[in-house]
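What follows is a short report on a single structure.
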Amino acid sequence: MRTNKPKLTIVGAGPGDVELITLKAIKALESADVVLYDALVNEDLLQYAKQAQIIFVGKRFGCHAYSQDQINDLIVSMAKRYGHVVRLKGGDPFVFGRGSEEIEFAQKFDLETAIVPGISSALGVPASNGISLTQRRVAESFWVITGTTSDHKLSKDVALASQSSATVVILMGMNKLDEIISIYQNNRTDDLPVAIIQNGTKNTQKKAIGTISSISEMVKEQQLSSPAIIIIGEVVRNAPQLTAYIKEEYSEEEFVFQNLDLIG
Ligand SMILES: C[S@@+](CC[C@H](N)C(=O)[O-])C[C@H]1O[C@@H](n2cnc3c(N)ncnc32)[C@H](O)[C@@H]1O
């Protein structure tokens with residue numbers, strides 16, 4: 001039975017660590033009648049939605065539980081039937097999250113709409129790993145690019161960005177890694193630093209830090225896969241945690257070698 005008026009709140013859940021969600025997001029979950037959540041959302045956050053029906057609408061083992069059209073219809077029908085629908089999405093809902101499409105659809109059916117931003121993985125994952133996307137005298141800007149466009153291609157922006165000194169953050173790019181590396185080999189140097197971080201900010205996080213020439217092998221060795229972000233640029237070299245990471249992973253002799261190799 002509906003107690004609240006039909007409303008959609010699109011909420012960013014942050015990159016994975018449950019503590020990286022906003023107070024406003026928690027309040028929205030507490031007042032939800034229905035929560036529709038995606039695969040990248042940390043399910044521990046659902047504890048805040050005590051009174052809500054919880055529905056998983058994401059993608060698991062490569063299969064979509066619902067198509068985007070079905071999700072849009074579900075938002076409207078659930079809001080009309082029960083009241084407040086919270087659409088909980090990983091990271092920030094407006095960064096490769098289709099949040100704006102869902103808002104637009106809901107408004108066509110006269111739902112009240114609201115948006116609660118979240119910490120995008122594009123920003124939160126590098127920062128929590130000590131990688132500063134901008135740095136004085138090193139990187140004056142950063143690009144956040146999709147590795148997989150709606151027609152399943154690598155965005156052309158990767159080639160454009162690789163010609164600049166900007167830091168480049170690529171989401172959904174793991175299955176295009178070889179293509180990305182070859183673009184950088186053509187446009188830049190082999191020793192440009194690269195970090196790949198899977199499940200960033202979660203306790204299952206894994207990462208590899210190398211260079212354009214070494215990263216492919218490291219990804220294979222460490223069996224890194226999606227969801228992961230790829231960070232390319234000189235700022236990776238300056239990450240304070242880089243030294244600590246190398247120290248942890250290698251003996252002292254190898255550490256000196258690796259460090260020289262990377263710092264060139
Ligand atoms: C459909 S996009 C959604 C991005 C999300 N809206 C955001 O702002 O983070 C999914 C991609 O985001 C990246 N991603 C999301 N969460 C991540 C995490 N915790 N660690 C690494 N990459 C993540 C991966 O590249 C993943 O394939």
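Keep in mind that this is a model prediction, so the values were computed, not measured. When a ligand or atom number is given, it counts from 1 through the structure's own listing order.
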Applying a strict 4.0 Å limit to heavy atoms, is Lys202 in contact with ligand 1? no
Would you give the length of the straight line joining atom CZ of Arg98 to atom CD of Gln68, rounded to the nearest 0.5 angstrom? 4.0 Å
Hey, is Asp33 close enough to Arg81 for a salt bridge, meaning N to O under 4.0 Å? no
For atom 3 (C) of ligand 1, what's the nearest protein heavy-atom neighbour? Residue, atom name and distance, please. Phe96 O, 3.5 Å
Going by the closest heavy atom to atom 16 (N) of ligand 1, which one wins out of Ala228, Gly173, Ala122, Ser121? Ser121
When you measure from atom 20 (N) of ligand 1 to every protein heavy atom, which one gives the shortest distance, and what is it? Gly200 N, 2.8 Å
Heavy atoms only, cut-off 4.0 Å: how does Asn199 contact ligand 1, side chain, backbone, both, or neither? backbone
Any Lys/Arg nitrogen of Glu179 or Lys176 sitting under 4.0 Å from an Asp/Glu carboxylate oxygen of the other? no
Compute the shortest N/O to N/O distance between Ser120 and ligand 1 and return yes if it is under 3.5 Å, no if not. yes
shortest atom 21 (C) of ligand 1-to-protein heavy-atom contact is with Ile197 O, 3.4 Å
Is there a side-chain contact between Val236 and Ile209 (heavy atoms, below 4.5 Å)? yes
Is the number of heavy atoms from other residues, nucleotides or ligands within 6.0 Å of CD (Gln163) greater than 12? yes
Verify the distance criterion only: is there a donor paired with an acceptor across the side chains of Thr211 and Ser214 at less than 3.5 Å? yes
Looking just at side-chain N and O atoms, do Ser67 and Asp69 make a donor-acceptor pair shorter than 3.5 Å? no
Pairs of nitrogen or oxygen atoms closer than 3.5 Å, one from Pro15 and one from ligand 1: do any exist? yes
Nearest-contact summary for atom 26 (C) of ligand 1 - protein heavy atom, Å: Pro227 CB, 3.9 Å
Would you say Thr201 has any N or O atom under 3.5 Å from an N or O of ligand 1, going by distance alone? no
At what distance is the nearest protein heavy atom to atom 11 (C) of ligand 1, and which residue and atom is it? Met172 CG, 3.7 Å
Output yes when Glu112 and Lys5 qualify as a salt bridge under the 4.0 Å nitrogen-oxygen rule, no when they do not. yes
Side-chain heavy atoms of Ile232 within contact of Thr167, under 4.5 Å: no
Just going by heavy-atom distances, which of Leu40, Leu171, Asp17 is nearest to atom 10 (C) of ligand 1? Leu40
I'd like to know whether ligand 1 has Gly16 as a neighbour, heavy-atom separation below 4.0 Å. no
Please could you name the atoms of ligand 1 that Asp92 approaches to less than 4.0 Å, counting only its heavy atoms? 6 (N), 7 (C), 8 (O)
Polar atom proximity, Gly90 to ligand 1 (N or O, under 3.5 Å): yes
Just which atoms of ligand 1 are under 4.0 Å from any heavy atom in Gly91? 7 (C), 8 (O), 9 (O)
Shortest protein contact, atom 4 (C) of ligand 1 (heavy atom only): Val95 O, 3.5 Å
Contact between ligand 1 and Ser226 is defined here as a heavy atom of the residue under 4.0 Å from a ligand atom; is it met? no
Does a side-chain heavy-atom distance below 4.5 Å link Ile10 with Leu88? no
Within-4.5 Å side-chain heavy-atom neighbours: Ile75 and Glu102: yes
